[in-house]
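Remarks on the structure that follows.
Every chain is numbered from 1, with letters handed out A, B, ... down the list of sequences.
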Protein chains: 2
Amino acid sequence: MEKNTVLGSLAALAHDMRLDVFRLLVKAGPDGMAAGEIASMLDVRANTLSNNLTVLAAAGLVRSAREGRSIRYFANMDRMRALLGFLLEDCCGGRPEICQPVLDQITCNCRGCHA
Amino acid sequence: MEKNTVLGSLAALAHDMRLDVFRLLVKAGPDGMAAGEIASMLDVRANTLSNNLTVLAAAGLVRSAREGRSIRYFANMDRMRALLGFLLEDCCGGRPEICQPVLDQITCNCRGCHA
DNA sequence: CAATTATTTCCATTAAACATGAAATATGGA
DNA sequence: TCCATATTTCATGTTTAATGGAAATAATTG
């Protein structure tokens with residue numbers, strides 16, 4: 001993953017509303033959510049949300065698809081995975097003795113995951 | 001990890017020089033690096049670097065310790081681990097079927113790590 | 001085609017972040 | 001104590017990002 005891509009993803013996520021939006025879309029999973037649904041769920045203005053969705057999309061963290069009158073948004077898990085991979089790579093960065101403890105302690109704590 | 005803490009960490013890392021600095025400190029490991037070493041290694045001005053080190057420190061991503069005339073900086077791996085944990089948690093967010101593939105594909109690719 | 005709903009774009013204003021030069025502080029050595 | 005080194009702090013000008021109102025675009029329905 002290129003550094004500028006990483007910077008873009010981090011900057012996109014480093015924002016109160018955008019982090020909420022992204023987390024909501026991750027939770028929504030493959031079904032995604034319409035812009036309007038997101039707006040009412042988070043109780044934010046439509047145009048501000050639209051701007052922030054544009055930022056997230058430009059960063060590659062979400063994608064969109066028109067569905068009738070609505071536009072549905074989806075979290076891009078591949079990008080998320082790549083971002084986490086990059087950050088983890090940094091953690092290790094030539095020093096295996098640092099890497100392993102980090103990986104060992106990171107686990108997924110949702111129901112059903114036993115990583 | 002609290003949301004504001006996460007936002008602070010993301011914002012701190014979402015900056016060209018700061019990402020470089022943090023990565024350098026991660027690579028340096030427990031030995032850390034003096035501010036001056038960082039500055040000459042990355043070829044940046046001392047005061048700009050100092051400002052950015054302050055930002056990273058405020059975000060909890062690095063810590064510092066005076067050592068004679070120099071001040072030595074260290075990456076805070078606990079914070080990094082917590083950040084990665086939070087982001088991964090988001091990945092899963094109530095949907096185990098999304099979580100596992102993400103974890104499966106994230107590996108440490110430095111020599112010596114077999115996660 | 002007019003009306004309605006969903007979302008985006010445009011624009012102006014405000015606020016925040018950034019890099020920089022210059023001055024200040026702290027430490028160690030002559 | 002005086003000087004050199006290492007780093008930080010301060011003040012400032014500039015750039016960038018965020019917000020929200022109003023208008024525009026797109027799709028559906030009557």
>> Give me each pair satisfying side chain to side chain donor-acceptor pair (under 3.5 Å) with a member in residues 50-61 of chain A, each pair once, sequence neighbours excluded.
In response: A:Arg18-A:Asn52
>> Mind checking if B:Ala35 touches a base, just sugar-phosphate, or nothing, with heavy atoms under 4.0 Å?
In response: sugar-phosphate
> Rounded to the Å, how far apart are A:Asp16 CG and C:dA15 P?
Replying inline: 18 Å
> Could you give the CG-to-P distance, from A:Leu49 to C:dT9, as a whole number of Å?
Replying inline: 13 Å
Enumerate the protein-to-nucleotides 22-25 of chain C contacts in which both atoms are nitrogen or oxygen and the separation is below 3.5 Å.
| residue | atom | partner | partner atom | Å |
| --- | --- | --- | --- | --- |
| C:dA22 | N6 | B:Asn47 | ND2 | 3.3 |

> Rounded to the nearest 0.5 Å, what separation is found between the CG atom of B:Leu42 and the CE atom of B:Met33?
Replying inline: 7.0 Å
>> Nearest whole Å is fine: how far is C:dT5 P from A:Ile71 CD1?
In response: 18 Å
>> According to side chain to side chain donor-acceptor pair (under 3.5 Å), who are the partners of B:Asp20, at least two apart in sequence or on a separate chain?
In response: A:Lys3
>> With a 4.0 Å limit, can you tell me whether B:Ser70 has a side-chain N or O closer than that to the phosphate oxygens OP1/OP2 of D:dT5?
In response: no
> Base, sugar-phosphate, or nothing for B:Ala34, non-hydrogen atoms under 4.0 angstrom?
Replying inline: sugar-phosphate
Could you go over nucleotides 14-19 of chain D and give all protein N or O partners under 3.5 Å, atom names and distances?
| residue | atom | partner | partner atom | Å |
| --- | --- | --- | --- | --- |
| D:dA18 | OP1 | A:Arg18 | NH2 | 3.1 |

> Roughly how far, to the nearest 0.5 Å, is the OG1 atom of B:Thr5 from the CG atom of B:Leu83?
Replying inline: 10.0 Å
> Please give, in whole Å, the distance from D:dA6 C1' to B:Ile38 CD1?
Replying inline: 13 Å
> Side-chain heavy atoms under 4.5 angstrom apart, residues restricted to Ile, Leu, Val, Met, Phe, Trp, Tyr: same cluster for B:Leu25 and B:Phe74?
Replying inline: no
>> To the nearest 0.5 Å, what is the distance between CG on A:Leu49 and CE on A:Met41?
In response: 12.5 Å
> What distance separates B:Leu53 CG from B:Asn47 CG, expressed to the nearest 0.5 Å?
Replying inline: 11.5 Å
> Measuring from A:Phe22:CZ to A:Asn76:CG, what's the distance to the nearest 0.5 Å?
Replying inline: 7.5 Å
Report, one line per pair, each donor and acceptor closer than 3.5 Å where one atom sits in a side chain of residues 56-71 of chain B; sequence neighbours left out.
| residue | atom | partner | partner atom | Å |
| --- | --- | --- | --- | --- |
| B:Arg66 | NH1 | B:Gly68 | O | 3.1 |
| B:Glu67 | OE1 | B:Arg72 | NE | 3.4 |
| B:Glu67 | OE2 | B:Arg72 | NE | 3.3 |

> Just to confirm, is there a sub-4.0 Å distance from OP1 or OP2 of D:dT8 to any side-chain nitrogen or oxygen of B:Tyr73?
Replying inline: yes
> How does protein contact run along nucleotides 24-30 of chain D, one letter per nucleotide 5' to 3', with B for base contact, S for sugar-phosphate only, - for none, heavy atoms under 4.0 Å?
Replying inline: --SBB--
> Atom CG of B:Asp20 and atom P of C:dA19: how far apart are they, to the nearest Å?
Replying inline: 12 Å
> About how many Å separate CE of B:Met1 and CG of B:Leu84, when rounded to the nearest 0.5 Å?
Replying inline: 9.5 Å
>> On a heavy-atom basis, which atom in B:Leu10 and which in A:Leu10 lie closest, and how many Å separate them?
In response: CD2-CD2, 3.7 Å
